[in-house]
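A quick write-up on the structure given underneath.
Residue numbers start from 1 in every chain, and the chains themselves are labelled A, B, ... in the order their sequence lines are given, proteins ahead of strands.
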Protein chains: 2
Amino acid sequence: METTAIDDSEAIVGDLYSDACPCREILNLVASKWATLIIGKLEDGPLRFGQLRRAISGITQKMLTQTLRRLEQDGLVHREVLVHMRPPQVEYSLTELGQSVTEPLAAIRDWSEQHLPDVQAARRNFDALQPN
Amino acid sequence: METTAIDDSEAIVGDLYSDACPCREILNLVASKWATLIIGKLEDGPLRFGQLRRAISGITQKMLTQTLRRLEQDGLVHREVLVHMRPPQVEYSLTELGQSVTEPLAAIRDWSEQHLPDVQAARRNFDALQPN
DNA sequence: CTGTATCCCCCTGGATACTG
DNA sequence: CAGTATCCAGGGGGATACAG
């Protein structure tokens, strides 16, 4: 039987998770500069729009709205409009899915806190050696 | 005491990044579209430039070089020039630091494989409800 | 084979102003 | 208070050509 029909070259080193890697989507989601901060703030419990804005210094209304929409769309955040309130208030909270993503996020955070000094040292060393 | 002593310039930025965790730097590093793929390929062992390029379909030489430089600069990847070879060859491998980052990366990957269907379902549901 | 150098598009994200 | 609408700068990233 002809098992050699496929590209015979040594080249491809197993493409188990090349383009189709689902983690890329999640990384894009989570690395969008504000998403992790928002998720982090909501870990402690529901917050209203203004509370979030004040809790995350430097964020603009636009980015807060935009990121919340995306998180809501992806099922990580629940948006609850308190209609009867005057003035109207909107409360955001993590869904179960959102809760579950805090675990891998914590893995990244832990690694960062543990190894960021090494990364920064590597950067300084690199800069020192490369007369760029 | 005068709290106005702050140097007018970058108070906000500094506050932002101290309030945030160091994980932002790592997320920026790792979410740069190609970095995780390169790290993933190198998990199995050292690879040469051309092998990496062929293993990661769609990547351009520019992005491969650029991302490898960054990973090298941050101490995650080791670059070994095989000088005596004709034509010259360059071999890339994960450093210990690079090896260690594969663990939190695996956490993200696992979560993605497990929950991406939920995310996609949430997206479809959101689109269905929001007549945009 | 392994890069470097341009050109250029597009998207993210920031500032600002306006609405319900 | 919550959200939308513009305008705009910067950088990531693709295509291509050239070099050691």
How large an angle, rounded to 10°, do the end axes of the helix from dC1(C)-dG20(D) to dG20(C)-dC1(D) enclose when each is built from five base pairs?
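Taking the rotation axis at each end, their angle is 40°.
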Separation of [N] [atom2] from [X] [atom1] (nearest whole Å):
| X | N | atom1 | atom2 | value |
| --- | --- | --- | --- | --- |
| Leu82(B) | dG20(D) | CG | C1' | 16 Å |
| Leu52(A) | dG3(D) | CG | P | 10 Å |
| Leu64(B) | dT4(C) | CG | P | 11 Å |
| Ile59(A) | dA15(C) | CD1 | C1' | 14 Å |
| Leu29(A) | dG13(C) | CG | P | 11 Å |
| Leu37(A) | dT12(C) | CG | P | 18 Å |
| Asn28(A) | dG13(C) | CG | P | 11 Å |
| Glu80(A) | dC1(D) | CD | C1' | 17 Å |

Tell me if a side-chain donor or acceptor on Ser112(A) pairs with a main-chain N or O of Ile26(B) at a distance below 3.5 Å.
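Not confirmed, Ser112(A) side chain does not pair with Ile26(B) backbone.
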Flag the pair Arg109(B) and Glu25(A) as a salt bridge only when some basic side-chain nitrogen lies within less than 4.0 angstrom of an acidic carboxylate oxygen.
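Result for this pair is no, no salt bridge flagged.
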Test applied, side chain to side chain contact (heavy atoms under 4.5 Å, CB included); reference residue, Leu71(B); option that passes from Val101(B), Leu94(B), Leu42(B), Leu76(B):
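The single option meeting the side chain to side chain contact (heavy atoms under 4.5 Å, CB included) with Leu71(B) is Leu76(B).
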Tabulate protein N/O versus nucleotide N/O from nucleotides 1-3 of chain C, keeping only pairs under 3.5 Å, one per line.
unit_1 : atom_1 : unit_2   : atom_2 : d
dT2(C) : OP1    : Arg48(B) : NE     : 3.4
dT2(C) : OP1    : Phe49(B) : N      : 3.4
dT2(C) : OP2    : Gly50(B) : N      : 2.6
dG3(C) : OP1    : Arg69(B) : NH2    : 3.3
dG3(C) : OP1    : Arg79(B) : NE     : 3.4
dG3(C) : OP1    : Arg79(B) : NH2    : 2.2
dG3(C) : OP2    : Tyr92(B) : OH     : 2.5

Starting at OG1 of Thr67(B), measure out to CD1 of Ile38(B) and round the result to the nearest 0.5 Å.
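With rounding to 0.5 Å, OG1 (Thr67(B)) is 4.5 Å from CD1 (Ile38(B)).
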Close side-chain approach of [X] to [Y], heavy-atom, < 4.5 Å:
| X | Y | value |
| --- | --- | --- |
| Ser93(A) | Glu80(A) | no |
| Leu97(A) | Asp74(A) | no |
| Trp111(B) | Glu103(A) | no |

Applying side chain to side chain donor-acceptor pair (under 3.5 Å), run through Gln89(B) and Arg48(B) and close with a yes or a no.
CA-CA 7 Å; Gln89(B) 297 187 351; Arg48(B) 299 209 329 278; 3.3 Å; yes
Look at the side chain of Lys62(B) against the base of dG13(D) and say whether a donor-acceptor pair falls under 3.5 Å; ignore hydrogens and angles.
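Side chain to base: pair found, below 3.5 Å.
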Within 45 degrees of the axis of the six-membered ring of Trp34(B) and under 6.0 Å from its centre: does Arg24(A) put its NZ or CZ there?
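Positive - Arg24(A) is close enough to the ring of Trp34(B) and near enough to its axis.
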